[in-house]
Amino acid sequence: MTLLPTHDDVLAAADRLRGRVVRTPMLRHPLLDEIAGGTVLIKPECLQRTGSFKLRGATNAVLKLDQAQRAAGVVTHSSGNHGQAIACAAAAEGVRALIAMPADAPAIKVESTRRWGAEITFFDRATTDRETLADKLAAERGGTVLPPFDHPDVIAGQGTLALELLEDARAAGFELDALSVCTGGGGLVGGCALAVEGASPATEVWAVEPEGWDDTARSLAAGERIANDGKGTTLCDALLSMRPGALTFAVNQPRLKGAAVVTPDEVFRAMRLAFEALKVVVEPGGAVALAAVLAGKVPARGRTVGVVLSGGNVDPAVFARALAA
């Protein structure tokens, strides 16, 4: 049985990652504060080296491989951001990487993954069980599967961004009342919840999902993992996990304050405001946490709220739609 990660694991990951990933800045803008009715502190992981927070968990997981595992290589499945992160982290350590990607993954994510030297194999999102595929590929090669979210080292690595935001907020004289986190399979919000648990236990942690892919919200309400039907829009391609992971749900269920669900219009508004106010480019999945705060779905009025912009690897045509919305 895999042990659940802890706050101490997040602290250890932070030490391990120091100097290997970008310590992204904390950003603010009066317009966002005005709309939300509170103080909004942004953590822009779109400025991370691979364009998303995923580099944190991927690097932590690769660094923890033993020599035999490194020699055999790693395998994962990803719509793009985790694939890029594994490819980058593996390349930095001289480890071979095979990434299984949906055939409809955004071209910008496919090319970025390939640029790091990874091998890519494509699958049909609608008919393929990606976890089974990754296990099969790893068995054929003797490699190690490093999944996008349901892995203790990945979860711990992702939580390091919350430690940084808490430190930067305190340096600026703020304590976070809440933290709004984009959520797919639950690895990022789980890592953040573990980070907050030890570093700022009074801070609420909120999961945010796109409508049609609200498995975490429904699972929290039901008290058990519930799957999506897979029929929702693919706009937020980075967040299209079919259901919460077994590990991530075990971490998140007792720790999250709640979950919010946002619409495509709210996502586009958040993308546009992030660009206009902060001058950062955010992909749809990376913008849902900000969308929830601006729409009042994560309570921010009269409070100090941290917001994770989780990634910026957006297809140019989709970004143009957001700016025109």
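We number each residue from 1, following the sequence as shown.
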Linking I/L/V/M/F/W/Y whenever any side-chain heavy atoms sit under 4.5 Å apart, do [X] and [Y] land together?
X	Y	value
F275	L309	yes
L137	I86	no
V205	M26	yes
V314	V262	yes
I35	L278	yes

So do [Y] and [X] actually touch side chain to side chain, heavy atoms under 4.5 Å?
X	Y	result
L240	W213	yes
P152	L247	yes
P284	C236	yes
T76	V145	no
V282	L290	no
L294	L32	yes
V110	M101	yes
T183	L239	no

Considering all heavy atoms of both residues, which atom of [X] and which atom of [Y] are nearest to each other, and what is their separation?
X	Y	value
I155	G187	CG2-O, 3.9 Å
A250	R255	O-NH1, 4.1 Å
A238	N81	CB-ND2, 3.8 Å
A36	V293	CB-CG1, 3.9 Å
A97	A90	CB-CB, 3.9 Å
R49	V21	NH1-CA, 4.3 Å

Note: [X]-[Y] ion pair, threshold 4.0 Å (strictly below):
X	Y	answer
D15	R18	yes
D237	K109	yes
R218	E209	no
R96	E119	no
E167	R23	yes

Could you tell me whether the side chain of [X] and the main chain of [Y] form a donor-acceptor pair under 3.5 Å?
X	Y	result
K297	V261	yes
D168	L165	no
H82	L146	yes
S180	A289	yes
T263	E266	yes
S241	G185	yes
D33	V40	yes
D66	Q69	yes
T248	D150	no
S200	G198	no

Do we see a donor-acceptor contact under 3.5 Å between the side chains of Q158 and N60? no
With [X], which residues qualify under side chain to side chain contact (heavy atoms under 4.5 Å, CB included), at least two apart?
X	value
A227	R243
A325	F268, R272
E204	A178, W206, K257, R303

Over 12 non-hydrogen atoms of neighbours within 6.0 angstrom of CZ in F123: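 Above 12, so yes.
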So does E140 have more than 12 non-hydrogen atoms from other groups sitting under 6.0 Å from CD? yes
Gap between atom [atom2] of [Y] and atom [atom1] of [X] - 0.5 Å precision:
X	Y	atom1	atom2	answer
E175	D177	CD	CG	9.0 Å
T39	L41	OG1	CG	6.5 Å
L161	R56	CG	CZ	5.0 Å
Q48	T24	CD	OG1	6.0 Å
K64	D153	NZ	CG	4.0 Å
E164	T160	CD	OG1	5.5 Å

Test salt bridge (Lys or Arg N to Asp or Glu O under 4.0 Å) applied to K54 and E45, step by step: CA-CA 9 Å; K54 291 283 192 178; E45 286 292 295; over 6 Å; no
Are V181 and C192 close enough, and set up right, to give a side chain to side chain contact (heavy atoms under 4.5 Å, CB included), and what steps lead you there? CA-CA 8 Å; V181 187; C192 289; 4.3 Å; yes
Side chain to side chain contact (heavy atoms under 4.5 Å, CB included), paired with T203, selected from T304, V305, V196: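 Checked T304, V305, V196 against T203; only one passes side chain to side chain contact (heavy atoms under 4.5 Å, CB included): V196.
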Given side chain to side chain contact (heavy atoms under 4.5 Å, CB included), test L163 with H7 step by step and report yes or no. CA-CA 10 Å; L163 292 179; H7 177 73; 4.1 Å; yes
Please lay out, stage by stage, how R114 and E111 fare under the test salt bridge (Lys or Arg N to Asp or Glu O under 4.0 Å). CA-CA 5 Å; R114 187 173 282 128; E111 292 308 312; 3.0 Å; yes
Report the C-alpha distance between H77 and I99 in whole Å, list the side-chain angles of each, state the deciding distance to 0.1 Å, and finish with yes or no for side chain to side chain contact (heavy atoms under 4.5 Å, CB included). CA-CA 6 Å; H77 56 88; I99 317 296; over 6 Å; no
Evaluate side chain to side chain contact (heavy atoms under 4.5 Å, CB included) for T144 paired with V75, printing each intermediate quantity in order. CA-CA 6 Å; T144 299; V75 176; over 6 Å; no
